[in-house]
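Below is one structure; the comments refer to it alone.
Every value quoted in this text rests on a predicted model; they were computed, and no experiment measured them. Residue numbers start from 1 in every chain, and the chains themselves are labelled A, B, ... in the order their sequence lines are given, proteins ahead of strands.
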Amino acid sequence: RKEVEQDPGPFNVPEGATVAFNCTYSNSASQSFFWYRQDCRKEPKLLMSVYSSGNEDGRFTAQLNRASQYISLLIRDSKLSDSATYLCVVVGYSGGGADGLTFGKGTHLIIQP
Amino acid sequence: DTAVSQTPKYLVTQMGNDKSIKCEQNLGHDTMYWYKQDSKKFLKIMFSYNNKELIINETVPNRFSPKSPDKAHLNLHINSLELGDSAVYFCASSRGGGYTFGSGTRLTVV
């Protein structure tokens with residue numbers, strides 16, 4: 001089983017719609033969770049952290065379900081500029097330090113006018 | 001001021017050559033990383049350095065060697081380049097969970 005799994009898409013969504021995608025992770029000892037956004041030929045950039053209590057940032061809502069080991073991202077009122085690849089990222093800790101980021105393969109989102 | 005800068009942005013070279021990619025961060029972060037993104041867009045960690053100490057070394061070929069002259073720099077040296085090394089290499093740095101990536105070096109081996 002892969003460490004972090006995401007549906008690669010692409011998700012083709014009309015502008016203004018709500019879209020949601022999930023990610024599952026295999027390491028139950030994982031401590032921190034993030035959603036990153038990567039535009040074509042650009043570096044990944046942090047979109048938001050994911051907390052057990054759920055968190056919202058404008059049109060974006062992230063949720064974590066530790067029992068089922070999945071993370072979700074919801075985008076409301078989608079904009080053309082939301083078109084990108086969304087990377088689910090998990091951080092595990094072992095021994096003396098962080099293991100760095102473990103990335104999913106990303107979900108490709110295309111917002112259509 | 002660019003927070004994490006890597007050079008060169010593009011690198012085209014022949015098989016068998018040795019090349020280096022440089023990375024510098026001005027954020028005062030404690031840990032720096034190298035990630036590889038292959039043609040399938042999968043990002044995978046290669047190395048990380050924390051205060052000049054290698055703390056992760058994933059199963060990468062020993063042709064790849066990270067070199068950190070100080071806390072602000074982590075360079076990647078690659079010997080005997082192979083076609084399969086073609087990818088985008090991202091440098092990143094972190095402190096306390098916040099990660100910042102460089103803009104990437106697109107390496108093409110011909």
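No side-chain N or O of T105(B) forms a donor-acceptor pair with one of Y10(B) less than 3.5 Å apart. In summary, the side chains of Q6(A) and T107(A) do present a donor paired with an acceptor at a separation below 3.5 Å, with no hydrogens or angles considered. No hydrogens or angles considered: a donor-acceptor pair under 3.5 Å links the side chains of N79(B) and H77(B). Defined by atom type and a distance below 3.5 Å, a donor-acceptor pair is missing between the side-chain atoms of E24(B) and Q6(B).
Residues of residues 43-52 of chain A having a heavy atom under 4.5 Å from any heavy atom of chain B, listed by number: E43(A), P44(A).
With respect to D38(B) and K36(B), no salt bridge is recorded, no charged nitrogen being found less than 4.0 Å from a carboxylate O.
The contact between F90(B) and chain A is made entirely by side chain atoms (from C-beta outward), counting heavy-atom distances below 4.5 Å.
The list of salt bridge (Lys or Arg N to Asp or Glu O under 4.0 Å) pairs with a residue in residues 79-92 of chain A, not counting sequence neighbours, reads R59(A)-D82(A), D77(A)-K79(A).
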